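Working notes for the structure below.
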Amino acid sequence: PNYPTMARQIRLQGMVTVQVMIDETGKVISAKASGHPLLVPEAQRAAMQARFSPTIIGETPVKVQGMITYNFVMP
């Protein structure tokens, strides 16, 4: 994800955990993040843009839930 400008200016670092729901095609259809409020919006935006291989059970694609962790660290 992009480092939020305000977070960069105050040298904020931290981890954001995003719970995602992935549809049968591998597209993220929902993302709920927890972490510092300045970092959450960019983490959610990045999670919504992520794409995954479809999860197949038997021969049927299924929706799945998962967690993505983004670690914002100043360079």
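In this text the structure is predicted, and so the values were computed from the model without any measurement. Throughout, residue positions are numbered sequentially from 1 according to the sequence presented.
Other members of a hydrophobic cluster containing I56 are absent, since no ILVMFWY side chain comes under 4.5 Å of it, directly or through relayed contacts.
Shown here for Y70 and A43, the closest heavy-atom pair between the two residues is CE1-O, 3.5 Å. Listed here is the closest heavy atom pair of P4 and E42: CG-CG, 3.8 Å. Counting all heavy atoms, side chain and backbone alike, A7 lies closest to L39 at CB-CD2, 3.7 Å. A47 and V20 make their closest contact through CB-CG1, 4.0 Å (heavy atoms, listed as atom of the first residue, atom of the second, distance). Considering all non-hydrogen atoms of both residues, A33 and Q44 come closest at CB-CG, 3.4 Å.
For the side-chain contact (heavy atoms from CB on, under 4.5 Å) with K63, the qualifying choice from T25, T55, I22, I29 is I29, the only one to do so.
Q13 contributes a side-chain N or O that, together with a main-chain N or O of M74, makes up a donor-acceptor pair within less than 3.5 Å.
Residues satisfying the side chain to side chain contact (heavy atoms under 4.5 Å, CB included) test with N71, not counting sequence neighbours, are M15, V73.
For the pair F52/V64, no side-chain contact is recorded, criterion being any heavy-atom separation below 4.5 Å from C-beta on. With a 4.5 Å cut-off on side-chain heavy atoms, K27 and P54 do not count as touching.
Applying the 6.0 Å contact sphere to CD1 of I10 captures more than 12 heavy atoms from other residues, nucleotides or ligands. Taking a 6.0 Å sphere around CZ of R51, one finds it holds more than 12 heavy atoms contributed by other residues, nucleotides or ligands.
M21 and V16 fall into different hydrophobic clusters, where Ile, Leu, Val, Met, Phe, Trp and Tyr side chains are chained together by heavy-atom contacts under 4.5 Å. In the hydrophobic clustering of this structure, V18 does not group with M67; members are Ile, Leu, Val, Met, Phe, Trp, Tyr whose side-chain heavy atoms approach within less than 4.5 Å, directly or through other members.
The CD atom of Q19 sits 7.5 Å away from the OG atom of S30 when rounded to the nearest 0.5 Å.
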